[in-house]
Amino acid sequence: MTDPLSATELAISGMKSQAVRLRHISENIANADTPGYRRKLVAFHQQVEFGRATGAVTAGPTRLDRRELPRIHDPSHPLADDQGYYAGSNVDLIVEIADAKEAGRSYEANLRIFEQSRQMGSALLDLIRR
Amino acid sequence: MPDRIDTLRMAGALTAHALERQKLVARNVANADTPGYRSRDLAGFAETYRSHAAMAMRATRPGHLTGAAWDGAGWDGTAGRIVDPGGEPAPNGNTVSLEEEMFRSAAAKRQFDLSLTVTRSSLALLRTSLGRQN
């Protein structure tokens, strides 16, 4: 093997990043009704070591969605201003669920690659064992 | 010593090729959601191996010229040519298609199984010629 990173490690890096993404999605969904909450976003990028891309993926820093918060009219709300409006959260549940589905699908694909790479490694060892 | 046997050498090269390809598939799948990432694949084994054998010059003396990197004992993994299989880019510039990667991974696995089977039976043949029951 020429690269330091094997196929299983690459698959693990993918699973880790997707798990981080899923966690952010669940935070967003949990806070869908929190006043003033901004949706959290995470972008992936390739891991770079000594100026070279290793091929593994990492989740970048968390960013907040800068979309404007919706103004909700509810004069009885404790946070309502003089006109009876308060700032809601900019989480869109449909977008979050679609995102969660995509993350789950990518996670499973990585898992399958991991399983197969592991099988290949042990088959190679079996050759020596006999 | 097994390197001298052509079948074993070729089977070993095929194993290395399949592992390298699997690694590229793993890389593509891991980066399936990385913006701007372009999918990559290894050139086919037949192509790579043949070009290797054809490029190697025959040397009958140590002083003779050989194709510098090509006179190694076999296919060393780095000789594989990485190609861009193309594909429709997503809005974020990513060209990885998970279905395509699953297919490639299955192909790599099949190639790998083939090479292992050939290696195993060649070794069995050697054992038999040594007079051992295996």
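Since we're looking at a predicted model, the values are computed, not measured.
- With a 4.5 Å cut-off on non-hydrogen atoms, B:Thr15 touches chain A through its side chain but not through its backbone.
- Interface remark: A:Ile12 contributes no atoms to any contact with chain B (heavy atom separation under 4.5 Å).
- Most heavy-atom pairs under 4.5 Å with chain A, from the set B:Leu24, B:Asn28, B:Val29: that is B:Val29.
- Cluster membership for B:Leu98 and B:Val25, using ILVMFWY side-chain heavy atoms within less than 4.5 angstrom, is shared.
- Looking at B:Leu116, the atoms closer than 4.5 Å to chain A (heavy atoms on both sides) sit in the backbone and in the side chain alike.
- In the displayed structure, B:Asp84 atom CG is contacted under 6.0 Å by more than 12 heavy atoms of other residues, nucleotides or ligands.
- Proximity to chain B is absent for every atom of A:Ala43, based on heavy atoms less than 4.5 angstrom apart.
- Follow the hydrophobic side-chain contacts under 4.5 Å out from B:Phe45 and you reach B:Leu114 in the same cluster.
- For A:Arg71, the CZ atom sits in a packed shell: over 12 heavy atoms of surrounding residues, nucleotides or ligands are nearer than 6.0 Å.
- Contact between B:Ala26 and A:Ala7 at its shortest, heavy atoms only, is CB-O, 3.6 Å.
- When all heavy atoms of B:Asp33 and A:Arg21 are compared, the pair lying nearest together is OD2-NH1, 3.0 Å.
- Between A:Phe44 and B:Thr34, the shortest heavy-atom contact is O-CG2, 3.7 Å.
- The hydrophobic cluster containing A:Ile72 does not contain A:Tyr85, counting ILVMFWY residues as joined when their side-chain heavy atoms lie under 4.5 angstrom apart, directly or transitively.
- Residues of residues 92-120 of chain A lying under 4.5 angstrom from chain B, judged on non-hydrogen atoms, are A:Glu102, A:Arg105, A:Ser106, A:Ala109, A:Asn110, A:Arg112, A:Ile113, A:Gln116, A:Ser117, A:Gln119, A:Met120 by number.
- Residues A:Gly55 and B:Asn31 come closest through the heavy atom pair O-ND2, 2.9 Å.
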